[in-house]
Structure formats: C-alpha cells, structure tokens
Amino acid sequence: MRVHVACWCLASASFSAPQQACAQTSQLVKNYAINPGKLSLILAAFASKSGISLAYDPALVQDKHSLGLSGSHGVADALAGLLSGTGLEAIAKAEGGYTLRLKPRPPPSSVARAAPAVAKDDAVLMAVTVFPSPDGPADQGFAAANSSSASRTNTPLSQLPQSIQVVNQKLMANQQSQSVLDALHDVSGVNIYNVGVDTSVYIRGFLAPTRINGLQQGPSRIESASSPLHTPLAAIERIDVVKGADSIVANGDMEPGGLVNIITKQPQAEPVRQLTLESGTQGHQRIALDLAGALSDDKVWTHRVILSGSQDSDAIDRYDSVRDVYFAPSLGYRSEGTVAIAGLNYQRNLLPNGGQGPYGQITDGLQSTSIGGSYAVQQKLDGNWGLESKGNYMRTQLSARSYYCYQNSSPDDSVMPRNCQTQALTSTSYGWNLENSVHGTFHTGPVKHTVLAGAAVNYSWFAVPLAEIGPTMPATLSRESLPEIPATKLTPYEPASTLYYTNWFLQDQLGWRRWHMLANIGYTRAWSHSADLQTAAVTSLHPQSKPIYNIGLSYQLTDNVTLYANRQKSFVLQAQASGIRYDGGPPGLYNLPPTDGKSLEAGVKLDLLDDRLMLTASVFRISHARVLYAYDTDAANNQLTALLPATTNRGMEFDLTGSPLPGWNLTASYSYSDFRYAQPPGFYALASLIPRHQASFWSSYDLQTAAWRGWGYGLGATARSGYPSNSGDLQIGGQVSVDGNIRYTSRLWSLTLGARNLFNRHLYGSFANLQQGIGFEPGRVFVLTGRYNF
C-alpha cells in the first residue's frame with residue numbers, strides 16, 4: 001500500500017515534486033470512521049483527522065455529498081474514496097498537501113489533451129479555501145476537537161489542563177433539545193433550576209455565570225430576564241461547559257464551580273438555507289429559519305440571518321403561555337489577514353413569573369423585550385502576532401403583570417383556600433461589554449509560547465423600577481375570583497443601580513515536547529452606585545479590586561493518554577447597602593472583602609479507537625469562603641453580619657463522547673458530589689440540596705445497510721439519587737427518565753419523532769433553591785421535528 005501511495009503521489013504532482021511531500025503522504029495510513037454527509041463537512045473532518053492541508057474552490061463542492069469512509073487507508077486512497085461519484089479528484093501539490101479539481105473529460109484527440117488542463121489548474125488555485133479552518137478541526141459526531149472558551153485561544157481539548165464538555169449542534173439536534181437548559185441536562189456536574197423567569201445553572205454545586213461568545217450579555221449582572229440562558233437553540237452553534245474557578249476567563253465575578261459559554265452561529269460562505277418546524281404535546285410549537293451564504297463572488301462578504309419563534313401553551317405551573325420571538329441578522333467580512341463580524345439581535349419573551357400564581361389558565365407573567373448588537377474583529381499582524389477586539393450592547397425593557405398567591409392556613413373550611421396580591425412592574429436596563437487583546441507565538445529554545453494579553457470592560461445600568469402592589473384578597477382556584485391587574489399608580493420600588501468592572505489579563509501557553517502548561521494572571525477592579533428615591537439613600541462604594549492567578553499542567557503520557565492537573569481561583573466582589581453592622585462594628589456602609597473561591601482538579605483524558613472516542617475522568621475539590629451572611633438584627637433593625645467559613649464540594653466526574661463505530665454516536669456521563677454547606681458557629685448543619693450521584697447517556701445509530709439508508713434512532717436515560725429539600729425534612733426521591741426518538745434523513749429534509757420522559761414519571765428538578773423551592777419537569781411529551789434544506 002505504501003509503495004502504491006508513493007507512486008500515485010509522484011505521478012500526480014509530477015516528478016519535480018519534493019521528496020518530503022511524497023514521504024509524508026506515504027506515511028499517513030490511519031483508521032477512519034466518517035459518516036456520510038455534505039462533502040464540504042466531510043472534507044473538513046478528513047483534513048482534521050489526517051493532518052493534511054486541503055485546498056479547493058468552494059464552488060466545486062457546493063451541493064455535493066459523500067458516502068463517507070471507514071477502515072484503514074492512506075491519504076491518497078482515502079481521498080479517492082471520499083470523492084467517489086462527485087466528479088472531483090485530488091491532486092498532490094509540490095509544496096505539500098492536496099488540491100481538488102474536476103476530473104478531466106476524455107479528450108477526443110491528442111490536440112485537445114494539452115492546453116485546457118493547465119488553465120484549469122490555474123483557475124482552481126486562484127480562489128481556494130484551506131482546511132483545517134482558522135477555527136480548528138471540525139467536530140466528528142458528538143465529539144468536539146477544540147475549544148477557545150477556557151483560554152481565549154483555539155486549543156485542542158486534549159492539550160487543555162482542565163475538564164471542558166461541549167454540547168455541539170449535532171448532539172442538540174439529535175436529542176431534540178428545546179432550550180439551553182435542556183441541552184445542558186446531561187452534562188456531568190451540572191444541575192438545573194428552572195421556575196419561570198428564575199432560571200439558573202449550577203456547576204459542581206455552585207451558581208455558574210453564562211456568557212455569549214465569551215462576553216456577558218447586556219445587564220445580566222443585575223437581573224436575569226435578559227440572561228443568555230434564554231437564547232434560542234436556532235442561534236447556537238455549540239455550548240461549552242468549562243469546569244473550575246476561573247474568574248479571569250469570566251472577566252470578574254464568579255463562584256468556583258465553572259461557567260457556561262454559548263457560541264452563536266456566525267456568517268459563512270458555505271450556503272445554509274434551513275427551515276425547522278417543531279410541534280409537541282402540551283402545546284409546544286417552534287419555527288426557525290437559518291439563512292447563510294456568500295454575498296460576493298470572491299466569498300469576501302458573507303451573511304447569516306436567524307429567525308425563531310416558539311410557544312408553549314401549557315407551561316410551568318399551568319401558565320398560558322410561554323412565548324419567544326428572536327431575530328438576528330449578521331454580516332461577515334474575511335480577507336487576507338482580516339476577519340470581521342457585526343450583528344444585531346432582537347428578542348421578546350413572555351415568561352411565567354416564578355410559578356407563584358394561582359391554578360388555572362392565567363396569562364400573567366413577565367414580558368422582556370431586548371435589542372442589541374455585537375461585533376468581533378481579528379487582524380493578523382506581522383509574523384505570528386494578531387489583534388482581536390469584540391464587544392456587545394443590549395437594552396432590555398421589562399413589563400410584569402402577575403399574581404402572588406400562597407396557601408391559606410386557616411382551619412375554617414369557609415375561608416377561601418388561597419390569598420393573592422396583584423403586582424405590576426416596569427423597568428429598563430442596559431449594558432455594554434468590550435474586550436481587546438493581542439496574541440502571538442514565539443520560541444525560547446525548545447519551548448513554544450502562545451501569549452495573550454488584554455483588557456475587558458463591563459458597564460451595567462438598571463433604572464428605578466416602578467411597581468404597584470395591590471392588597472391581599474382571598475381567591476378560589478378559579479380564574480374568575482381574581483381581579484384585573486392594575487397599572488395606574490406605579491411608584492418607585494427599588495433603587496437605581498450602576499455597576500462598572502474592568503479586568504486586565506495576561507496568559508501564556510507553554511509547550512515543550514509532551515508537556516503543556518497554561519498560566520494566567522488577572523486583575524479586576526469594580527465600582528458600584530445605587531440611589532433609592534424612596535429613602536433618598538445613596539450607596540456609592542469606592543473601587544474594589546482583586547488580583548488572581550491560575551495554573552494548569554498536562555502531560556501526554558502516550559499518543560492517546562494525557563494526564564492533567566490545575567489550580568484555579570475565583571471571587572465575587574461584595575457590595576452591600578447601608579443598614580448592616582459588619583463583624584460587630586457600628587451601622588453603616590462597608591467595603592467588604594471579596595469572597596474567596598478555589599478549585600483543585602486532576603484527571604486523565606483518553607483518545608480511544610484512533611481518536612474516535614474521548615474519555616475525560618477527573619477528581620476535584622472546590623471551596624467558596626468569606627461570603628457575607630446575616631445572623632441577627634439589633635434594636636434599630638440593622639442586620640448583624642459576618643463572613644461564612646468555606647462551603648466545599650469534593651467529587652469525581654466521567655464523560656465519554658464520540659463515534660465508536662460507523663453510524664454510532666454516543667455520549668455518557670457520571671458525577672459524584674460530596675457537597676457541604678458552610679457551618680457558621682451556632683447554626684444547625686444544612687444538608688446538601690443537590691444529588692450525590694448523577695448519570696446519563698444518549699446513544700444514536702444511523703442504519704448502515706443500503707435498504708435502510710437514512711433511517712436512525714436514539715435512546716437515552718438520565719438518573720440521579722435522592723436529596724433533601726429545603727422544606728423541613730422532606731426528601732426528594734431518586735428518579736430515572738428515559739427518552740428516545742426515531743428519524744429519517746434524506747439529502748434535503750429530515751423528520752424526527754421523539755418521546756421525552758417516555759414512562760411518564762413524576763420528575764423533580766436536580767437542585768433545591770434555598771429561596772424558591774424545587775423545580776419540576778413535565779410528564780411524557782411527544783415532539784415531532786422537521787427540517788428542510790432548500
């Protein structure tokens with residue numbers, strides 16, 4: 001086989017080709033398991049797997065498909081198999097790598113055999129797209145190859161010294177995920193709290209911030225209505241879950257468990273014209289349109305337009321209903337050395353107001369309208385250096401009409417069973433974020449350095465909210481017993497608030513032989529201002545600051561085994577209004593010390609079955625200390641406060657993702673958590689409010705026989721142990737949920753019928769919120785999803 005490949009290389013690149021090109025080609029014999037699909041994506045996956053450069057005119061592969069590849073092949077044979085039936089052939093280039101061209105037609109005479117071939121080669125090489133792309137190798141199945149969420153530089157996951165789990169677009173579509181929270185449901189160490197507008201993600205037991213493309217979204221530091229967790233999946237390319245305490249990557253505040261980074265879809269030259277229609281029981285409906293492509297013949301200008309709308313008429317706590325409208329156009333520019341993207345986004349949500357309303361079909365809730373924009377620019381400089389700048393802006397208006405109801409404890413049967421108050425609220429907020437950095441690579445002897453330095457700024461402003469709260473009145477379980485919600489006497493309800501953060505960071509990724517180190521330092525400075533119109537009280541804290549550093553180390557034990565360890569730190573800058581007495585001091589305003597978050601992690605990453613399957617196993621210890629808490633009040637109603645000792649979590653996690661066999665994609669996870677709340681002196685022991693054991697898997701298979709080509713199915717389960725609630729001695733029992741679907745996929749369309757909670761179990765959330773209680777999940781739901789590529 002090697003002799004055949006070497007001879008083919010010489011014949012294709014002519015005898016003037018350098019010997020190293022043929023030698024390199026003859027050695028690249030690997031085992032492949034690439035599923036059928038669009039030729040452009042197949043070639044990207046092959047280039048990533050084989051490690052070659054592949055150049056071609058994108059117009060050559062447009063609307064072409066490949067049957068995929070399996071088994072062991074040299075590069076030449078593999079390319080011939082992938083291109084079979086496409087009318088294309090691969091030609092070895094003298095400088096190394098390959099280019100694609102149309103197979104020449106058999107000439108009618110020897111005269112016609114010469115001239116056109118040279119002209120055709122010149123035309124191919126005038127406009128080429130090189131793979132792997134600047135964003136790194138393409139994902140294969142459910143498994144991602146690279147991530148930039150942990151280091152701000154696109155790095156292979158195997159070289160990053162920490163646990164990072166990726167939920168890519170293929171996995172979200174395969175599981176018929178309907179929201180960001182839904183997509184994160186099976187990631188190890190993740191717990192979800194979802195009650196109406198109160199949506200939160202907890203990683204390794206601690207509240208996790210959420211970013212979009214590495215930045216906060218608008219004023220999310222102050223209120224959650226514009227949280228990135230409400231981003232529709234139609235706009236999302238992938239979701240990265242970064243484990244550990246890394247306030248440098250978070251650009252400031254975060255608890256030590258980790259963070260979620262949502263990567264949105266970007267403009268691209270490869271055409272996309274996809275319509276998605278989805279309908280399910282319990283009133284679920286969704287429609288989405290995804291359009292992308294080149295705006296110029298030279299592919300320099302590109303675009304993307306995302307339009308999405310959804311409705312769930314039988315939403316949480318029987319609210320009618322949850323609605324969402326999203327529109328995001330964007331424009332891209334790519335030329336030699338410059339990549340720029342600019343976009344707008346508009347989103348309007350109607351969400352239940354925390355699930356506190358009466359029973360029945362009630363249309364109250366919180367309406368959020370957000371409009372914003374974002375940009376990202378990358379500029380290559382001389383040598384191996386470059387600049388990057390990105391930013392966003394968002395303005396959000398809230399309008400709430402709700403009932404706050406609670407059970408009447410009167411023993412008198414004649415008394416109405418519930419008491420309710422009408423509530424009306426309006427508010428406005430906005431925020432902007434900006435991050436600039438410079439990056440480059442250089443060597444000091446045998447050590448390679450990839451350095452990055454930059455600064456980020458965040459500004460958030462929250463106007464004085466206006467509210468009108470009605471008197472308490474008895475109500476039955478019928479809607480007719482409730483009055484209309486007035487909004488005629490809105491008065492100031494809470495203070496106006498402003499937050500300003502700056503973050504400076506410096507990072508170095510060092511590589512020497514089989515060793516890789518990631519080290520960074522950061523310095524955050526924050527300022528806050530609050531003005532209460534009701535009491536005329538003004539709270540303006542002097543700037544607070546916090547230096548921080550992280551370090552991680554990985555060692556490639558073999559080609560398939562990598563060991564790693566890291567130590568990371570995080571913090572939350574605490575701003576507390578007046579009216580407290582801290583540490584026995586007098587009443588007043590205090591510049592409190594920041595919280596102290598720490599995480600230690602060690603693990604192993606295994607690339608199995610010739611890189612088709614990736615296993616990450618880790619053990620960790622996390623602590624969060626110096627959190628302010630109130631333990632009593634004095635005679636003047638000032639709160640007596642102190643700082644908590646450390647809340648800790650010790651545990652282990654396993655994550656397995658990949659494609660073990662052609663057509664078979666798999667993801668599975670397990671996590672163990674020994675979470676212990678801080679125990680201040682004189683307080684009773686607070687039990688963990690998260691499960692100790694959690695496990696999940698999802699297996700998908702596309703039938704490989706010719707008679708059943710296009711058919712496939714998926715099956716998965718999620719299980720967890722029981723845990724105590726925050727309501728007395730109530731115990732939330734362990735549970736298992738089973739999901740499944742069947743699907744048919746053709747070249748232009750696909751149809752998937754799925755069942756969630758197949759056995760209709762009564763399911764509760766995996767986290768008990770201390771203030772709000774325990775979320776719950778719906779019963780059995782059938783969902784039909786259709787996609788059409790036109």
Side-chain angles (χ1 to χ4, degrees), residues 149-152 162 203-204 206-211 214-216 219-222 242-259 261 431 433-437 452-460 497-508 518-530 539-552 566-577 580 582-583 589-601 621-629 641-649 678:
S149 297
S151 62
R152 292 186 174 91
Q162 66 185 109
I203 299 177
R204 294 177 173 176
F206 295 92
L207 182 64
T210 307
R211 304 290 182 254
L215 296 175
Q216 294 191 59
S220 57
R221 286 188 186 274
I222 301 176
V242 182
K243 310 290 184 65
D246 196 344
S247 277
I248 298 174
V249 167
N251 277 329
D253 281 355
M254 71 169 288
E255 296 186 22
L259 63 86
N261 188 27
N433 303 273
L434 180 65
E435 181 180 302
N436 296 309
S437 62
L452 180 143
V457 180
N458 166 263
Y459 179 86
S460 302
S497 302
T498 302
L499 291 175
Y500 182 80
Y501 277 71
T502 59
N503 181 45
W504 291 268
F505 51 87
L506 175 64
Q507 173 183 287
D508 190 4
L518 174 62
N520 53 24
I521 58 175
Y523 182 80
T524 297
R525 191 173 176 86
W527 171 85
S528 66
H529 179 83
S530 176
T539 301
S540 183
L541 295 183
H542 296 292
Q544 297 176 305
S545 60
K546 176 71 174 180
I548 203 167
Y549 64 91
N550 299 316
I551 189 168
N566 66 64
R567 182 183 188 275
Q568 298 178 314
K569 300 190 70 176
S570 69
F571 62 89
V572 177
L573 297 177
Q574 303 185 88
Q576 177 65 44
I580 68 168
Y582 168 62
D583 200 24
L589 181 65
Y590 292 87
N591 274 322
L592 299 167
T595 68
D596 184 17
K598 299 177 182 178
S599 69
L600 293 172
E601 179 183 340
R621 184 188 185 278
I622 299 175
S623 65
H624 195 207
R626 301 164 64 89
V627 178
L628 186 73
Y629 80 105
T641 62
L643 299 181
L644 284 172
T647 292
T648 61
N649 189 17

Exercise. Does a donor on one side chain sit under 3.5 Å from an acceptor on the other, for N251 and Q216?
Worked result: no

Exercise. Where is the tightest heavy-atom contact between W504 and A455, given as atom of each residue plus distance?
Worked result: CD1-CB, 3.7 Å

Seminar exercise, completed: Between S149 and N261, the two heavy atoms sitting closest are OG-ND2, 2.8 Å

Problem set entry | Backbone of R626 reached by a side-chain donor or acceptor of D596 within 3.5 Å | no

Exercise. Do you know the tightest heavy-atom contact between D253 and L573?
Worked result: OD1-N, 3.0 Å

Exercise. In terms of the angle between their ring planes, are H624 and F206 parallel, tilted or perpendicular, with boundaries placed at 30° and 60°?
Worked result: perpendicular

Exercise. Should the pair R152 and F505 be classed as cation-pi, given the thresholds of under 6.0 Å to the six-membered ring centre and 45° from the axis?
Worked result: yes

For this session: Determine whether the side chains of Y523 and S545 contain a donor N or O and an acceptor N or O closer than 3.5 Å.
Result: yes

Exercise. Ignoring hydrogens and geometry, is there a side-chain-to-backbone donor-acceptor pair from E255 to S570 under 3.5 Å?
Worked result: no

Exercise. Is there a donor-acceptor pair under 3.5 Å between the side chain of T647 and the backbone N or O of A678?
Worked result: yes

Problem set entry | Pair E601 + R204: basic N to acidic O under 4.0 Å | yes

Problem set entry | For the student: nearest non-hydrogen atoms of A245 and S599, plus distance | N-OG, 3.1 Å

Problem set entry | G252 backbone acceptor or donor facing S247 side chain under 3.5 Å | yes

Problem set entry | Donor-acceptor pair, side chain of Q162 and main chain of Q568, under 3.5 angstrom | no

For this session: Can you see which heavy atom on A150 is nearest to which on L518, and at what distance?
Result: O-CD2, 4.5 Å

Exercise. Which heavy-atom pair separates F571 from T595 by the least distance, and what is that distance?
Worked result: CB-O, 3.3 Å

